[in-house]
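Report on the following structure.
Hydrogens, waters and symmetry mates play no part in the numbers below; they use all other heavy atoms, side chains included. Below, chains carry the letters A, B, ... as their sequence lines are ordered, and counting in each starts from 1. None of these values were measured; they are calculated from a predicted model.
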There are 2 protein chains.
Amino acid sequence: MAIARPIDRRLFFWFDRAHTILAKEADQFLSDNSGIGSSQASVLTYLGFHDGCGLSELGEGIGRNNPAVTGLINRMEQAGLVKRVHGGLDGRRKRVQLTDEGWSKREQVREDYRIFNERLTRGLTQTETDAVLKFLTLAPENLSKNLSKK
Amino acid sequence: MAIARPIDRRLFFWFDRAHTILAKEADQFLSDNSGIGSSQASVLTYLGFHDGCGLSELGEGIGRNNPAVTGLINRMEQAGLVKRVHGGLDGRRKRVQLTDEGWSKREQVREDYRIFNERLTRGLTQTETDAVLKFLTLAPENLSKNLSKK
DNA sequence: CTGTATTCATTCGCTTGTGAAGCAAATTAC
DNA sequence: GTAATTTGCTTCACAAGCGAATGAATACAG
C-alpha cells in the first residue's frame with residue numbers, strides 16, 4: 001500500500017474549513033432568495049422525496065440528531081412550512097408533512113440549490129464532481145461500519 | 001452547456017449532511033485519542049505550518065471568523081496549547097504560538113488525522129481523492145470570487 | 001499636524017447544534 | 001399477564017459559532 005501523501009492527511013481539515021465557509025455562503029444565499037437557512041432547506045429537500053416520514057428518519061436523512069430535528073421542525077411548523085401528523089398505529093411516532101406553502105418553498109429552494117451548486121462545481125469536470133458526490137455519500141457510511149473495529 | 005443532472009443539484013445537501021456526521025465522528029475520535037475537538041485540531045494543524053501568525057490570518061486559515069477565533073484561542077491558551085504574544089511594531093496585532101505542549105499535541109493530532117482520513121477515503125481511488133481535495137480547496141475560492149457578479 | 005477612515009481583536013446577544021436524561025408507547029421475555 | 005427493555009420524541013443545560021457593535025492602534029488625506 002502506498003504511503004499516504006502529506007496533503008491527504010489533511011483531508012478532514014480542508015473538509016471542515018470548506019464547510020464553514022460554504023455553509024455561511026449557502027445560508028446567506030438561501031436567506032436572500034427564499035428566506036430560510038440551509039438546515040431548513042435540507043428538510044424541504046428531504047421531505048420532497050420522503051414526505052410523511054418520521055422525525056427520526058428525517059434526522060437520519062439530513063444528518064442531525066433527534067433534539068436538533070425537534071427544534072428544527074418546531075420552527076418550520078411555526079413558519080407554516082410543515083406539519084406534524086400522528087403516525088397511525090404506532091402512538092409514539094409522528095410524521096412530518098410538507099404544507100402547500102412548504103411544497104412551494106421547496107421549489108424555490110430547488111432552484112436556489114441549482115444555481116448555488118453550479119457555482120460550487122465551477123472548474124471541476126463531471127468526473128470530478130462525480131467523485132465528490134461519491135465521497136460525500138460513501139464516507140459517512142464507511143465510518144459507521146468501522147466504528148466497532150477501531 | 002449540459003443540463004445539470006438531478007443528483008448534482010443536491011451537492012450541497014450531501015455536503016452538509018456528510019459534514020455533520022463526519023464532524024461528530026471526528027470530534028469523538030480526536031477527543032478519545034487526544035482530548036481535543038476538531039476546531040482545536042484545526043488550529044494545531046494550521047499553526048504547525050504558520051506558527052506565530054496573527055489571529056485574523058488564523059481565522060482565514062481555518063475558516064472561522066474573528067469572534068470564533070478569539071474564543072477558540074482563549075480555550076486553548078487556558079489549556080496551555082498556545083500562547084498569545086505581541087505582534088511587534090503593530091500594537092493591534094497579536095500573534096499565536098504553539099507551546100511545547102502544543103507542538104506535542106500537534107504530533108498526536110497528525111497521527112489521529114492520518115488514521116481518520118485513511119478511513120474516510122476507503123473505497124476511493126487516488127484520483128477520486130484528488131478530485132475531492134481539489135473541490136474542497138477550490139469551492140470556497142470560487143464563491144468569494146463570484147460574490148459580486150451575483 | 002489634525003481629523004477621518006481602516007484594521008485587528010474583543011465583547012455582546014442570539015441561534016442552532018450536542019449529549020444526557022426523561023416520558024410515554026410498544027415490544028419482548030418469562 | 002406482568003416486568004423489563006426498546007423505541008420515538010421531547011426537554012434540559014450547555015458549547016461554539018455567527019453578525020453587529022465596540023475599543024484600541026495605525027494609516028492616510030488635506
Side-chain angles (χ1 to χ4, degrees), chain A residues 16-32 35-43 52-79 82-97, chain B residues 16-32 35-43 52-79 82-97:
Chain A
D16 187 55
R17 176 177 186 273
H19 181 264
T20 53
I21 295 171
L22 265 48
K24 270 179 251 184
E25 291 294 338
D27 275 335
Q28 191 62 52
F29 185 74
L30 285 163
S31 176
D32 288 349
I36 61 173
S38 59
S39 287
Q40 298 200 14
S42 286
V43 172
C53 73
L55 288 167
S56 294
E57 183 196 333
L58 175 59
E60 178 79 14
I62 65 172
R64 264 83 175 178
N65 63 10
N66 284 351
V69 172
T70 294
L72 196 43
I73 295 301
N74 283 347
R75 282 169 251 139
M76 292 180 75
E77 202 167 21
Q78 189 73 23
V82 300
K83 55 178 187 284
R84 282 176 171 92
V85 300
H86 277 290
L89 296 178
D90 190 334
R92 294 166 299 188
R93 194 146 175 275
K94 290 175 190 166
R95 296 184 300 122
V96 193
Q97 283 180 343
Chain B
D16 187 55
R17 177 177 185 272
H19 180 263
T20 54
I21 295 171
L22 266 48
K24 270 180 250 184
E25 291 294 339
D27 275 336
Q28 191 62 53
F29 185 74
L30 285 163
S31 177
D32 288 348
I36 61 172
S38 59
S39 287
Q40 297 200 13
S42 286
V43 172
C53 72
L55 288 168
S56 292
E57 183 196 333
L58 175 59
E60 178 78 13
I62 65 172
R64 263 85 175 174
N65 64 10
N66 283 350
V69 171
T70 294
L72 196 43
I73 294 302
N74 283 347
R75 284 169 250 137
M76 293 181 74
E77 201 167 20
Q78 188 75 19
V82 300
K83 55 179 186 284
R84 284 177 170 92
V85 299
H86 277 290
L89 295 179
D90 190 334
R92 295 164 299 185
R93 196 147 173 276
K94 288 176 192 166
R95 297 184 300 123
V96 193
Q97 284 181 342

remark   = Taken to the nearest whole Å, CD1/A:I36 to P/C:dT16 is 12 Å
query = Between A:R75 and B:Q28, which has a closest nucleotide on DNA chain C that is more 5'?
reply = A:R75
task = Output the distance between atom CD1 (B:I36) and atom CE (B:M76), rounded to the nearest 0.5 Å.
result = 6.0 Å
query = Between the side chains of B:Q28 and B:D32, does any donor sit under 3.5 Å from an acceptor?
reply = yes
query = OP1 or OP2 of C:dG19 sitting under 4.0 Å from any side-chain N/O of A:N65?
reply = yes
inquiry  = Heavy-atom nearest nucleotide on DNA chain C for A:L89 versus A:S39: which residue maps closer to 5'?
reply    = A:S39
query = Contact class for B:I73 (heavy atom, under 4.0 Å): base, sugar-phosphate, or nothing?
reply = nothing
query = Could you state the CD-P distance from A:Q40 to C:dT15, rounded to the nearest angstrom?
reply = 13 Å
Would you tabulate the side-chain donor-acceptor contacts of residues 55-63 of chain B under 3.5 Å, counting partners in other chains and residues two or more places apart, or write 'none'?
unit_1, atom_1, unit_2, atom_2, d
B:E57, OE2, B:Y46, OH, 3.0

query = Rounded to the Å, how far apart are A:L30 CG and C:dT15 C1'?
reply = 17 Å
message = How bent is the helix from C:dC1-D:dG30 to C:dC30-D:dG1, measuring the angle between the end axes built from five pairs each, rounded to 10°?
response = 20°
query = When rounded to the nearest 0.5 angstrom, what is the spacing between CG in B:D27 and CG in B:L30?
reply = 7.0 Å
request  = Would you mind classifying the nucleic acid contact of A:A68 as base, sugar-phosphate or nothing, using non-hydrogen atoms under 4.0 angstrom?
outcome  = base
Where at least one partner belongs to residues 61-72 of chain A, residue pairs that pass salt bridge (charged side-chain N to carboxylate O under 4.0 Å, His left out), sequence neighbours excluded = A:R64-B:D16
task = Can you sort out the partners of A:Q97 under side-chain contact (heavy atoms from CB on, under 4.5 Å), two or more places apart, ordered by chain and number?
result = A:D51, A:K83, A:V85, A:R95
remark   = Which of A:R93, A:K94, A:R92 passes salt bridge (charged side-chain N to carboxylate O under 4.0 Å, His left out) with A:D90? It is A:R92
ask   = How is B:T20 classified with respect to the nucleic acid when contacts are heavy atoms under 4.0 Å: base, sugar-phosphate, or nothing?
value = nothing
note = With B for base contact, S for sugar-phosphate-only contact and - for none (protein heavy atoms under 4.0 Å), nucleotides 5-13 of chain C reads --BSBBB--
query = Taking all atoms of both residues into account, what is the closest heavy-atom pair of A:K24 and B:N65, and its distance?
reply = NZ-N, 4.0 Å
remark   = The first and last nucleotides of DNA chain D lying within contact of chain B, meaning any atom under 4.0 Å from one of its heavy atoms, run from D:dA16 to D:dT26
task = Please examine the side chains of B:R75 and B:L72, heavy atoms only from C-beta on, and report whether any two atoms are closer than 4.5 Å.
result = yes
